Amino acid sequence: MSASPLAAARAPLARPVRHHRGGHRVTLTPSGAARARFVARAASPLDDVRAGDLISLDFGDDDDAKETRRLIAREWLLEVTETTETPASVRGICRGRAFLLDGTSMRLTPAPEPSQPNLASEPWVQRAYPEWHALLERLEVDGRYPAPTATAIAAALPNGGVVTTGGVRKITSYDELKARVAAEPGFWRDGTPPRAPPMTVHEHATLNAGEILATLRGHRGVVMCQLWAGWEDSDDSDSNVHVVQPVDAPFVTRALRDAALDALTDGTIGIRCVPIAGMDPAKGLTALVHASASPFADRAKHLASFGAQAALVAGSPYYQLLVGRILGYEARNIEAHVAEKGGALTPAIVTEVAKDLAALGGGSAPTIPWREAYGPSADDLDEAGRASAFGAASVGDEGDGKRGGKGKGGK
């Protein structure tokens, strides 16, 4: 990204100029001594990066090696949480860990351990997702969370962690994603159409967050988000840094926190944490985020009754249709999904699902959109506002610089 000539010649200030999450800029007036020490600064590839952006970093990975990884891990994506203008640098989240990208050396390094975000210590997780909070605490004691560590991820970066020339590319931002979901929700609402081309890395990376945002905007009534995928866990998670928990995809925890704000303030959003039926939550835990209005709350409760999981395919055509209908997918897309899994929707199955759905929520038909605007975002609250909403301030949340708080290697 190129900077303007004016930006390239901007003098260093007495203290750094920072852009914090949400795009707010704090401008500091340089002292007379600072003006006297005017030094022209060369343009940095990070000059146009802002807090809230999602950027892709190219370290010169081998293309064949990329193809062996799951889609979410084929690029190094950094969710920017804070930028410093002089000298240019950014702080952000990559695969759930906090990193610093220096605009001079263009090297990505782990953020200091005390500033690593930790979802297990977050008040919004404890209050709005108590089962998730309890699970993370238990996994932390067992040494299974957080993993992999930022140090392990950094050690696996090609090219010594130095971004190649021209290797910084903006994908989107949280605000841009919210605006697109509001204006054109189909991709995040309707399910996958038959014969759809494969998703790109960037579409897949923002799919889960976009689905949550579609619900918060009113374009969906129920969404599922995998909070913990036990089948991705191992005794030595650092050995494979390309295994990414679904919740560590870009913007997911930010959207979950906005859902928590809705749920804890005006109650327009409801949240349920659901394990696989009859199993330890460490095997799998899903969040059901739903509108509190009827029939969505009853439908989410029904999903919870049989332990539906976001990242696991329902086992029979009946359940595939039932889950698809509750999640608001288009009929033709559900039918194509069932056929792809080797099943078929018989008239008897369709009738049975329709009858079961009619019995939920007093038989009321769902209205979409169920509201016309997003609720408030936690990004727009100051520390006092977050403390009021979530019960306590997020530790280490100075300057809106992180997605989570300080803790033991946190998330």
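In what follows, every heavy atom counts, from backbone to side chain, and hydrogens, waters and symmetry copies are set aside. Fair warning: this is a prediction, and the values are worked out from it, not measured in the lab.
Remark: of the listed residues Ile93, Ile153, Thr109, Ile153 is the sole one forming a side chain to side chain contact (heavy atoms under 4.5 Å, CB included) with Phe99. Applying the side chain to side chain donor-acceptor pair (under 3.5 Å) test between Tyr174 and each of Thr206, Asp53, Asp258 identifies Asp258 as the sole match.
Between Val181 and Tyr374, the closest side-chain pair of non-hydrogen atoms falls below 4.5 Å. When side chains are defined from C-beta on, Leu322 counts as touching Phe306, because their heavy atoms get closer than 4.5 Å. Put simply, the side chain of Glu352 reaches to within 4.5 Å of the side chain of Asp356, judged on heavy atoms. Residues Asn333 and Pro194 form a side-chain contact, since some pair of their non-hydrogen atoms from C-beta on lies under 4.5 Å apart. Inter-residue side-chain proximity for Pro246 and Leu227 is flagged as unmet; no heavy-atom pair is nearer than 4.5 Å. Using a 4.5 Å heavy-atom cutoff, the side chains of Ile55 and Leu77 are not in contact. Using a 4.5 Å heavy-atom cutoff, the side chains of Tyr318 and Val338 are not in contact. In this structure, the side chains of Phe390 and Arg257 come closer than 4.5 Å at one or more pairs of heavy atoms.
Contact record, Ile271 with Ala128: CG2-O, 3.7 Å, taken as the closest heavy-atom pair. In plain terms, the two heavy atoms of Trp370 and Ala291 that are nearest each other are CE2-CB, 3.4 Å. Minimum interatomic distance between Ala150 and Gln116 (heavy atoms only, all atoms of both residues): CB-NE2, 3.6 Å. Listed here is the closest heavy atom pair of Gln309 and Leu285: OE1-N, 3.3 Å. Taking both residues in full, the closest heavy atoms of Ala249 and Ala205 are given as CB-O, 3.8 Å, listed atom of the first, atom of the second, then distance. Among all heavy-atom pairs drawn from Pro158 and Asp61, the shortest one is CG-OD2, 3.3 Å.
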In sequence, state the C-alpha distance, the side-chain angles, and the governing distance for Val247 and Trp132, and then conclude on side chain to side chain contact (heavy atoms under 4.5 Å, CB included).
CA-CA 11 Å; Val247 78; Trp132 187 25; 3.9 Å; yes
Do Arg50 and Asp175 pass the salt bridge (charged side-chain N to carboxylate O under 4.0 Å, His left out) test, and can you show the C-alpha distance, the side-chain angles, and the key distance before you say yes or no?
CA-CA 11 Å; Arg50 292 293 178 263; Asp175 287 343; over 6 Å; no
Does Arg70 form a side chain to side chain contact (heavy atoms under 4.5 Å, CB included) with Val244? I'd like the steps, not just the answer.
CA-CA 9 Å; Arg70 295 187 182 180; Val244 182; over 6 Å; no
Applying side chain to side chain contact (heavy atoms under 4.5 Å, CB included), run through Val80 and Arg91 and close with a yes or a no.
CA-CA 6 Å; Val80 178; Arg91 178 191 293 269; over 6 Å; no
Could you walk me through whether Val163 and Phe59 satisfy the side chain to side chain contact (heavy atoms under 4.5 Å, CB included) test, starting with their C-alpha distance in whole Å, then the side-chain angles of each, then the deciding distance to 0.1 Å, before giving a yes or no?
CA-CA 5 Å; Val163 178; Phe59 298 97; 3.6 Å; yes
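Distance alone, capped at 3.5 Å, places no donor-acceptor pair between the Arg189 side chain and the Arg220 backbone. Side-chain atoms of Arg299 never come within 3.5 Å of backbone atoms of Leu360 as a donor-acceptor pair (strictly under, hydrogens ignored). Glu79 places no side-chain N or O within donor-acceptor distance of the main-chain N or O of Pro250, the cut-off being under 3.5 Å. Counting only distance, with no hydrogens or angles, the side chain of Gln245 and the backbone of Ala229 share a donor-acceptor pair below 3.5 Å. In this structure, the side chain of Ser292 engages the main chain of Gly267 through a donor-acceptor pair within 3.5 Å. Not a single donor-acceptor pair under 3.5 Å links the side chain of Arg127 to the backbone N or O of Ala260. Not a single donor-acceptor pair under 3.5 Å links the side chain of Ser388 to the backbone N or O of Gly385. Using a distance-only test at 3.5 Å, with no hydrogens or angles considered, no donor-acceptor pair links the side chain of Arg332 to the main chain of Pro193. A donor-acceptor pair is defined here as one N or O able to donate and one able to accept, closer than 3.5 Å; no such pair exists between the side chain of His219 and the backbone of Ile368. The closest donor-acceptor contact from the side chain of Asp262 to the backbone of Ala259 lies at 3.5 Å or more, if one exists at all.
Here the CG-OG distance, from Leu46 to Ser89, works out to 7.5 Å after rounding to the nearest 0.5 Å. Rounded to the nearest 0.5 angstrom, Leu108 CG and Leu100 CG are separated by 8.0 Å. To the nearest 0.5 Å, atoms CD (Gln320) and CD1 (Ile349) are separated by 9.0 Å. Atom OH of Tyr319 sits about 10.5 Å away from atom CG of Leu303, to the nearest 0.5 Å. Remark: Asp248 CG to Gln226 CD distance equals 12.5 Å, nearest 0.5 Å. For the atom pair CG of Leu207 and NE2 of His202, the computed distance is 14.0 Å after rounding to the nearest 0.5 Å.
Annotation for Glu335: atom CD does not count as buried by contact number, only 12 or fewer foreign heavy atoms lying within 6.0 Å. The number of heavy atoms from other shown groups lying within 6.0 Å of CD (Glu184) does not exceed 12.
Ion pairing between Asp379 and Arg254 holds under the 4.0 Å rule for side-chain N and carboxylate O. The pair Asp280-Arg138 counts as a salt bridge, with a side-chain nitrogen and a carboxylate oxygen less than 4.0 angstrom apart.
Using cut-offs of 30° and 60° on the angle between ring planes, the pair Trp228 and Tyr145 is perpendicular.
Remark: the His242 side chain and the Arg95 side chain contain an N/O donor-acceptor pair separated by less than 3.5 Å. A donor-acceptor pair shorter than 3.5 Å can be found between the side chains of Arg371 and Thr268.
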